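So the structure is just underneath, and the comments pick up after that.
Treat the numbers as computed from the prediction; the structure is a model and nothing was measured. All residue numbers refer to positions in the sequence shown, counting from 1.
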Amino acid sequence: MSSDPVVIDGGDRSCVRLLLELRGHIAGLAPGTVVHLIAADPAAPIDLPAWCHLTGHHYLGPVDDALTPTYALRVAADARPTSPESPWRPR
């Protein structure tokens, strides 16, 4: 496993769309992989930790030295699935 984080650029997508895309991106990543999510949506610092709590992924917080709003999480081995059309609802 690389020590470099996987960077996902969510741009200015709304958090719902962002979480759907994030879920798809991390589905194939090895447990323990660190992901840096670039997200301009002002709800991201609230929604991302809540989603990580719901799914079991580990929210690591904002990335301090990033030029744009970026948040870190670690992929969990035993993540809980969410509804295919609603990333904020457990399956």
Side-chain angles (χ1 to χ4, degrees):
M1 176 177 17
S2 171
S3 62
D4 293 333
V6 172
V7 177
I8 300 171
D9 188 351
D12 61 356
R13 291 174 192 77
S14 70
C15 261
V16 173
R17 184 72 193 143
L18 189 63
L19 292 177
L20 286 167
E21 290 182 23
L22 175 62
R23 182 179 61 188
H25 280 291
I26 65 175
L29 297 177
T33 301
V34 172
V35 174
H36 284 184
L37 176 66
I38 300 167
D41 186 316
I46 298 165
D47 289 350
L48 186 59
W51 182 80
C52 286
H53 179 75
L54 172 74
T55 60
H57 295 294
H58 307 280
Y59 180 70
L60 303 176
V63 176
D64 291 333
D65 60 350
L67 299 175
T68 56
T70 304
Y71 309 92
L73 65 101
R74 181 174 292 115
V75 177
D78 57 350
R80 293 178 292 279
T82 58
S83 170
E85 62 280 340
S86 302
W88 57 92
R89 291 197 174 114
R91 188 182 310 180

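In the hydrophobic clustering of this structure, W88 does not group with I26; members are Ile, Leu, Val, Met, Phe, Trp, Tyr whose side-chain heavy atoms approach within less than 4.5 Å, directly or through other members. Residues V35 and I38 do not share a hydrophobic cluster, clusters being chains of Ile/Leu/Val/Met/Phe/Trp/Tyr side chains in contact below 4.5 Å. If you chain together hydrophobic residues whose side chains sit under 4.5 Å apart, L29 and L20 never meet in one group. By the criterion of side-chain heavy atoms lying less than 4.5 angstrom apart, applied directly or through intervening Ile, Leu, Val, Met, Phe, Trp or Tyr residues, V63 is not grouped with W51; the two fall into different hydrophobic clusters.
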- Query: Should R23 and T82 be marked as a side chain to side chain contact (heavy atoms under 4.5 Å, CB included) after you check the CA-CA gap, both sets of side-chain angles, and the distance that decides it?
  - Reply: CA-CA 9 Å; R23 182 179 61 188; T82 58; 2.7 Å; yes
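Looking at every heavy atom in both residues, L37 comes nearest to G10 through CD1-N, 4.4 Å. Across every non-hydrogen atom of A72 and H36, the tightest pair is CB-CD2, 3.7 Å. Across all their heavy atoms, C15 and A43 have their closest contact at SG-C, 3.7 Å.
You'll find the side chain of Y59 reaches within 4.5 Å of the side chain of Y71, heavy atoms only.
Side chain of R89 to main chain of P84: no donor-acceptor pair is present (N/O by atom type, distance under 3.5 Å, no hydrogens or angles). Between the side chain of R17 and the backbone N or O of S14 there is no donor-acceptor pair closer than 3.5 Å. H57 contributes no side-chain N or O that, together with a main-chain N or O of V75, makes up a donor-acceptor pair within less than 3.5 Å.
Of the listed residues (V34, L22, T55), just one forms a side-chain contact (heavy atoms from CB on, under 4.5 Å) with L73, and that residue is L22.
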